[in-house]
Structure formats: structure tokens, C-alpha cells
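Worth saying up front: this structure is predicted, and the values here are computed from it rather than measured.
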Amino acid sequence: MAVALKEVHRRFIIYGAGAIGSVFGGMLAKGGHQVDLVGREEHMEAIRKDGLRIDGLLGEFMVEGVGAFTGLERIDPEPVPGVVFIAVKSSDTARAVQDIARSGIVGDGTLVVSLQNGLGNLESIREMFGPYRSVGGRVIFGAQVTRPGWVHVSVWADSVLIGGPPTGPGVEAARNLAGELTRCGIETRVSENIQAALWGKVLYNAGLNPLSALLEVPYGALGEQENARRLLVLLVEEAFAVASVEETLPWESLDGYLELFFGKLLPATESHYSSMLQDLEAGRETEIEAITGEVIRRGDARGVPVPVSKVVYELIKAKAAMEKRSPTDSGV
């Protein structure tokens, strides 16, 4: 059985270095680690030329000497990285896992960590790399690439949570990783039940992400307007019902979660526009499948009704299709 390292190596690879991946890479590089980023050409070219600049809630700084690539084929597999972070959209997870496995960069002691939204990502990593080196991450801060090579951290709702290896050295390695991320400026804790923590992020995203995208408003507006708030609560309620069947949640009731949601999480991110809206505006595939789609599929499988989620899912799908139509398209 391959096991994870007992110590965190000083080399990190970030596969999918958009906004969130770049923040992790930049903070780790600032902390003295060797970091290689894999992302889109325009962003990577700017980083190669001028370095990676981060500003916002985690401070303002620029790091140079960060590896910036558009694929894994040019990355030296030695030294073996201690951690490979996956930060691609959930729709790209299967391809990313295959790409990483083919590249040969994952050694016996490498942790593979998902930093993604939605459900199903950790399961895909486990299928390829086994449970003892596969780690799930719940990330609940917001960032945007404001221009190539420059990332702005705009909101911070709570600490990053990581966890997943059931036993053995992987558990200690996850604790070491949490400590190292915290030392580098990304406050991180270990979760004893990472699947419940990932469901917690889905509860946060299930209403905010699609409604912000459909109504084209920041999160705070959804809590202020009566009709939007009612929809928001209904979507969270459906997701909570499904989650409660699957996992032992840290909240005893829906009211307990809503108290946290409206009292802490939403105020901390009230000015944020959802990544789903940004994807729609850019003509990219959204993460509706990994968020609302998973709520629907798991609800149907367990006999939990989720009618509002199904309507919102279809509306996002319809909006995505219409956004892709050219101005000259005509329908009858």
C-alpha cells in the first residue's frame, strides 16, 4: 500500500492555477516553498514575465521564480512533490486526474488535494490514487484574476478545511499540510469528517451560486430582497435534507445552519458575485452539475424531493445555452 509522506515536502504543484490555485501557490511561494503552477497561457505568461502579484485580504505582495506552465509535460518530476493541488473546475476533474496520473509526478508519498467546489471530486481522486493519499479541501474564500498575473482576494468567510485519509501516515501528512498552509498565511484546519465539510460548502453554494448567476447580483442582495431570500432558503433546505441522509452534519437542524449562514457566512461574502455568473459571462462551462446537479442526483437516489433545485438547475442550463448564442442567431 502506497502511503503519504509524514512530512510536507517543499515542492508544491498547483494544477488549475486560476484565482484560487494562484492564491495557494503565491502564498506557499512567499513562504519559501518551490511552487509550479499549471494554468491558462495568458496568466502563466504574465507570471513568467513579471511574477505573480496578489492583493486584497491576505495582503499585497509579488513573488518571482514561480514555475508557470500550460501543461504537465514540461514539469520536471524531480524532486517528487509533497503535494499536488487540483483547482480546476469540477467538470474538468476526470481529465485532470488522468493527466496527473500519466505525468508521473505523483510519488508514493505525494498527497493529491482537491480545492474544488461541489461533490464527487474527492471520489475521483480516490479512484485513481487510493484513499491514503487523497485529500479533500473545503475552500470558502473568494478571489478573482483581475488581469493576467494579478489575483485579488476579495472575501474570506472561514478557514480552509482539509482531510480525507482514513488512517496511517496520510493523516499526519494532512495535519502537517494544514500547519504549513497556516504558517504561509492561509488559515487551515483538519476536518475529521471532510465529506460533511464538503457538504457544508454545497449548502453555502446551492442557493448563492445559481441565484447570483440568474439574477446577476452579489450575494448580499439575495439575503436582502424578500423573494430572493425565500428562494435561497428553499434551496438550502433541499440540499440540507439530502445531506442529512448522507452524512452526520455538524448542525443539529436546518435552523442551526441557517443561523450560521445568515449570521456569518453571507455577511462575510455579501459583495461577492458568484463564479457561476463569471463563467456564464465568459462562455465557460459552469459548475452547476457538481453543485445543484449532485443535490438532484443524490436526492432522487434517496427519495428526497428537491423540486426547487430542479427548476434552478434547468434555468442555469437554459441561460448557459442562450449565452452561447451569437447576436445574429434567430429563433422562431
- Item | Hydrophobic cluster membership, Leu52 vs Ile186, 4.5 Å side-chain cutoff | yes
- Checking salt bridge (Lys or Arg N to Asp or Glu O under 4.0 Å) for the pair Arg48/Glu45: CA distance, chi angles, key distance, verdict? CA-CA 5 Å; Arg48 286 193 296 268; Glu45 182 181 6; 5.4 Å; no
- Stepwise side-chain contact (heavy atoms from CB on, under 4.5 Å) test for Arg133 and Val106: CA-CA 10 Å; Arg133 70 176 82 172; Val106 174; 3.2 Å; yes
- Counting only heavy atoms not in Arg40, do more than 12 sit closer than 6.0 Å to its CZ atom? no
- Query: So, Asn117 versus Ser90: side-chain donor-acceptor pair below 3.5 Å or not?
  - Reply: no
- Could you walk me through whether Arg230 and Val233 pass side-chain contact (heavy atoms from CB on, under 4.5 Å), step by step? CA-CA 5 Å; Arg230 188 176 300 120; Val233 170; 6.0 Å; no
- Message: More than 12 heavy atoms of other residues, nucleotides or ligands under 6.0 Å from CD of Glu187: yes or no?
- Response: no
- Query: Do Gln195 and Asn193 have side-chain atoms, one donor and one acceptor, less than 3.5 Å apart?
  - Reply: no
- Task: For the pair Phe141 and Leu57, evaluate side-chain contact (heavy atoms from CB on, under 4.5 Å) and give the outcome as yes or no after the intermediate values.
- Result: CA-CA 10 Å; Phe141 67 83; Leu57 296 181; over 6 Å; no
- Message: Here's one to test your reading of the geometry: is the NZ or CZ of Arg138 within 45 degrees of the ring axis of Tyr204 and under 6.0 Å from its centre?
- Response: no
- Neighbour count above 12 (heavy atom, 6.0 Å) for Glu259 CD: no
- Step-by-step side-chain contact (heavy atoms from CB on, under 4.5 Å) determination, Gln144 to His272: CA-CA 10 Å; Gln144 298 86 36; His272 188 67; 3.1 Å; yes
- Side-chain ion pair, Glu172 and Arg175, N-O less than 4.0 Å: no
- Query: To the nearest 0.5 Å, what is the distance between CD1 (Ile54) and NZ (Lys30)?
  - Reply: 9.0 Å
- Under 3.5 Å donor-acceptor, Thr182 side chain and Thr188 backbone: yes
- Query: Can you tell me if Tyr273 and Glu216 form a side-chain donor-acceptor pair at under 3.5 Å?
  - Reply: no
- Same cluster or not: are Leu177 and Ile86 linked, directly or through other Ile, Leu, Val, Met, Phe, Trp or Tyr residues, by side-chain heavy atoms under 4.5 angstrom apart? no
- Message: Checking side-chain polar atoms at under 3.5 Å, does Asp279 have a donor or acceptor matched by the opposite partner on Thr286?
- Response: no
- Any Lys/Arg nitrogen of Lys317 or Glu289 sitting under 4.0 Å from an Asp/Glu carboxylate oxygen of the other? yes
- Query: Hey, does Lys264 have a side-chain heavy atom less than 4.5 Å from the side chain of Asp158?
  - Reply: yes
- Item | Sidechain-backbone polar pair: Thr110 side chain, Pro81 backbone, donor-acceptor under 3.5 Å | yes
- Within one Ile-Leu-Val-Met-Phe-Trp-Tyr cluster: Leu119 and Ile296, side-chain cutoff 4.5 Å: yes
- Message: What I want to find out is whether Glu285 reaches Lys89 closely enough, with some N-O distance under 4.0 Å, to be called a salt bridge.
- Response: no
- Item | Within 6.0 angstrom of Glu252 CD, more than 12 heavy atoms from elsewhere | no
- Query: Can you name the one residue among Val312, Leu315, Leu215 that meets side-chain contact (heavy atoms from CB on, under 4.5 Å) with Pro210?
  - Reply: Val312
- Message: Quick check: is Val145 connected to Leu115 through a chain of hydrophobic side chains (ILVMFWY, heavy atoms under 4.5 Å apart)?
- Response: yes
- Where does the angle between the aromatic ring planes of Tyr257 and Trp251 fall among parallel (under 30°), tilted (30 to 60°) and perpendicular (over 60°)? perpendicular
- Message: If we ignore hydrogens and angles and just use 3.5 Å, is the side chain of Arg10 paired with the main-chain N or O of Gly32 as donor and acceptor?
- Response: yes
- Taking a hydrophobic cluster as the set of Ile, Leu, Val, Met, Phe, Trp and Tyr residues connected by side-chain heavy atoms closer than 4.5 Å, whether directly or through intermediates, do Tyr132 and Val97 fall within one such cluster? no
- Report, as yes or no, whether the 6.0 Å neighbourhood of atom CD on Glu41 holds more than 12 heavy atoms from other residues, nucleotides or ligands. yes
- Query: Salt bridge or not for Lys310 and Glu314, using N-O below 4.0 Å?
  - Reply: no
- N/O donor-acceptor pair under 3.5 Å between Glu238 side chain and Val308 backbone: yes
